[in-house]
Amino acid sequence: MKLSSRMSLIKPAATLAINSKALELKSQGIPVISLAVGEPDFDTPLYAREAAKKAIDAGFTHYTQVGGIPALRNAVANYIKRVHNIDGVTADNIIVSNGGKQGLYSLMQTLLDPGDEVLIPAPYWTSYPEMVVMNEGVPVPVPATFESGYKVTPADLEAHLTEKTRMLVINSPCNPTGACYNREEMDAILDWAVGHGLFIISDEMYEQLVYEPATLVSAAAWFLRYPEQIAIANGLSKAYAMTGWRVGFTVAAPQIIKAMTMVQSQMTSNICSIAQYASVAALEGPQDSISVMRNEFLRRRDMAYAEISTWQGVRCLKPDGAFYLFLDVSALLDEECPDDVAMCNKLLERGHVAAVPGAAFGAPGCLRLSYAVKDEVLTEALKRMRSILVK
Ligand SMILES: Cc1ncc(COP(=O)(O)O)c(C=O)c1O
């Protein structure tokens, strides 16, 4: 069968290979622990679940407005106002999509022309380069080092700027490193990118998971000043433990929102009507589930980080946000285990722990662990990893 030539450019989602191997071992009765997951282990808040049930019973089971029901777009605008303490974002600046993922994809589809270059600080979330390629753009990774706290500066970006550079994707807190830009660092990057006429996508999916003393730093206020050059990608997946509901949103200029809505109208139409009603409740209901989850992740981060920092040959930064630990294991690589993929295979086969190879995030020699798992699972996984990694 002949598939389109486009297909040869796309790589499968990086976690799939390790996941399918983990599943295979599990099916043989082997007690595999997966730290490869990218989702909170919490339940969706009860009041959001109740709202979904009510929506079904009330018959809200039909098509809705493509970009989201007005109540949800208003709820998102209010959320932005509340969380970022800014005025000026309205429902006209919002589109609701099937997860943050579709929002990001659709932004790129709306804004990129063939050959446009997109600056992507690395380590990066694994889907950015693939999305750029699928939209005929050219991903340009901008490496950030352990020493720089896995953060880039305007000078790093400048070194990768060409006449074709069209866009920058910035992600803070970052998946996979957990690195968070502070206000000054973020302002310097936005100032540089705006000054060079670039379009900036600020992926703020983990904004509710920032650990003190770090503070939440958003591009929202900059969006109000430069609405034609900035968009914010976000969603309810992580903040409200709603990964399966598939609710993402984009904040952008009305013209961009209209274009994205057109794309979505031909592709998927509205997201699930029931999920939209659940999301209105999640955004407008009591918000304490967020701090409960955040405190729990903080406690687990500290526990896991304290253990990992005793491992000889492993370098790990204390993450300021999200729920991942990013381990640099390059000093442990040898002939038997020459790269991060081999290391993840070894951890899986011998220790029965699944982690994601850093290569998937543009950072070979590293691996990503999620600590969005229960204490006892995390403790057991770390014990197993220690026995393999530490001589
Ligand atoms: C950095 C980042 N952005 C966006 C997303 C998309 O999330 P969703 O499509 O579940 O809203 C994810 C999911 O893992 C992510 O890690």
Side-chain angles (χ1 to χ4, degrees), residues 12-16 18-19 34-42 44 48 68 72 76 79 94-108 118 120-132 134 139 141 144 150-151 167-181 200-210 216-219 231-251 260 264 267-268 271-272 275-276 278-279 282-283 297 319-326 356 358 360-363 368-372:
T15 42
L16 284 187
I18 203 90
N19 266 348
S34 179
L35 300 185
V37 287
E39 61 176 344
D41 58 320
F42 289 79
T44 299
L72 180 52
V76 171
Y79 167 89
I94 310 292
I95 180 172
V96 177
S97 307
N98 288 281
K101 217 172 212 178
Q102 188 186 20
L104 283 159
Y105 186 88
S106 172
L107 264 174
M108 293 190 189
V118 180
I120 306 177
Y124 46 69
W125 181 47
T126 181
S127 291
Y128 300 140
E130 303 308 317
M131 286 181 179
V132 171
M134 282 192 266
Y150 291 126
K151 294 192 258 189
M167 186 182 272
L168 162 70
V169 182
I170 193 94
N171 173 217
S172 177
C174 170
N175 173 6
T177 62
C180 294
Y181 288 87
I200 303 128
I201 299 180
S202 179
D203 181 344
E204 306 186 357
M205 185 54 76
Y206 293 89
E207 71 176 356
Q208 294 290 356
L209 297 175
V210 175
L216 167 57
V217 170
S218 166
I232 296 169
N234 203 333
L236 279 76
S237 287
K238 319 287 173 170
Y240 297 93
M242 287 180 70
T243 46
W245 300 76
R246 310 307 302 134
V247 188
F249 58 82
T250 307
V251 183
M260 290 174 72
Q264 200 161 299
M267 207 172 174
T268 55
I271 74 161
C272 168
Q276 294 189 59
S279 300
L283 291 167
F297 283 146
D320 283 328
F323 42 67
Y324 307 104
L325 287 153
F326 202 59
V356 188
F361 309 103
R368 189 195 77 176
L369 308 179
S370 160
Y371 51 89

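The residues of the chain are indexed from 1 along the displayed sequence. Just the heavy atoms: all of them, side chains too, but no hydrogens, waters or symmetry mates, feed the values below. Predicted, not measured: the structure shown is a model, and the values here were computed from it. We count ligands from 1, going down the list as the structure has it; atoms in each ligand are counted the same way.
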Open item on the list: Determine whether a donor-acceptor pair (N or O, by modelled atom type, separation under 3.5 Å) exists between the side chain of K238 and the backbone of G38.
Closed with: yes
TODO: Out of K238, M205, E204, M242, indicate the one that has the non-hydrogen atom closest to atom 14 (O) of ligand 1.
DONE: K238
Task: Distance filter under 4.0 Å to S237 heavy atoms, resulting ligand 1 atoms - done: 8 (P), 10 (O), 11 (O)
TODO: For atom 11 (O) of ligand 1, grab the closest protein heavy atom and report residue, atom and distance to one decimal in Å.
DONE: G100 N, 2.6 Å
Open item on the list: Please check: side-chain N/O of S97 versus main-chain N/O of Q102, any donor-acceptor pairing under 3.5 Å?
Closed with: no
TODO: Identify the heavy atoms of Y150 and P123 that sit nearest to each other, and give their distance.
DONE: CD2-CD, 3.7 Å
- [ ] Would you check whether N171 reaches within less than 4.0 Å of ligand 1, judged by its heavy atoms?
- [x] yes
Task: Geometric N/O contact Y206 with ligand 1, under 3.5 angstrom - done: yes
- [ ] Compute whether any side-chain donor of one residue and acceptor of the other, for Y181 and K151, lie under 3.5 angstrom apart.
- [x] no
- [ ] For the pair S370 (side chain) and A36 (backbone), establish whether a donor and an acceptor sit closer than 3.5 Å, ignoring hydrogens and angles.
- [x] no
Task: Identity and distance of the protein heavy atom lying nearest atom 12 (C) of ligand 1 - done: W125 CZ2, 3.4 Å
TODO: May I ask you to check whether N98 has an N/O atom sitting below 3.5 Å from an N/O atom of ligand 1?
DONE: no
- [ ] For ligand 1, find out whether one of its N or O atoms is nearer than 3.5 Å to an N or O atom of Y128.
- [x] no
TODO: Identify the heavy atoms of Q264 and V96 that sit nearest to each other, and give their distance.
DONE: NE2-O, 3.0 Å
- [ ] Just jot down the ligand 1 atoms closer than 4.0 angstrom to any heavy atom of R246, in number order.
- [x] 8 (P), 9 (O), 10 (O)
Open item on the list: Just so I know, are the side chains of F323 and P40 near enough to count as touching, which here means a heavy-atom distance under 4.5 Å?
Closed with: yes
TODO: Using heavy-atom distances, let me know which of D203, L104, V247 sits nearest atom 1 (C) of ligand 1.
DONE: D203
